[in-house]
Amino acid sequence: GLSRTAPAAAAYAEALRLQPAAPWAPDANTRLAWLQIDLKAPARAEAAAEAALRQMPRAEVAQQALLALLQAQVDQQK
């Protein structure tokens with residue numbers, strides 16, 4: 001639930017702050033984007049998704065990041 005979502009988002013954000021170029025960064029940014037959507041923070045979700053798309057080494061990461069980006073943009077228009 002949401003009680004675990006905020007701490008998880010904070011942990012991903014901190015890990016990415018410490019190691020922004022790590023091999024796992026695109027996956028972490030994608031997961032962070034979805035967590036931010038769950039937290040009703042579409043601007044933060046959009047930023048994380050865009051970061052994942054810039055880093056995308058694999059097509060499946062790019063697809064998930066793009067979906068999160070689109071959802072964040074939709075949420076911002078509500």
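What you are looking at is a predicted structure, and each value in this text was computed from that prediction instead of being measured.
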Subject >> Sequence-distant partners of E50, side-chain hydrogen bond (donor to acceptor under 3.5 Å, both in side chains), two or more places apart >> reply: none
Please report the closest heavy-atom contact between [X] and [Y], naming both atoms and the distance.
X   : Y   : result
A9  : L39 : CB-CD1, 3.8 Å
A52 : T30 : CB-OG1, 3.4 Å
A33 : A49 : CB-N, 3.8 Å

**OP:** Measure the spacing between OG1 of T5 and CD1 of I37 and express it to the nearest 0.5 Å.
**Re:** 12.0 Å
Subject >> Atom pair CD/CZ of Q36 and R31 - distance to nearest 0.5 Å >> reply: 15.0 Å
Original post:
Which is it for Q63 and L66 under the side chain to side chain contact (heavy atoms under 4.5 Å, CB included) test, yes or no, and what are the steps along the way?
Top reply: CA-CA 5 Å; Q63 182 180 6; L66 185 56; 5.9 Å; no
Original post:
Can you list the other members of the hydrophobic cluster that holds Y12, where links are side-chain heavy atoms under 4.5 angstrom apart?
Top reply: L16, W24, L32, L35
**OP:** Enumerate the residue pairs fulfilling side-chain hydrogen bond (donor to acceptor under 3.5 Å, both in side chains) with a member in residues 37-46, sequence neighbours excluded, ordered by first and then second residue.
**Re:** E46-Q73, E46-Q76
Subject >> In one Ile/Leu/Val/Met/Phe/Trp/Tyr side-chain cluster, 4.5 Å: L70, L53 >> reply: yes
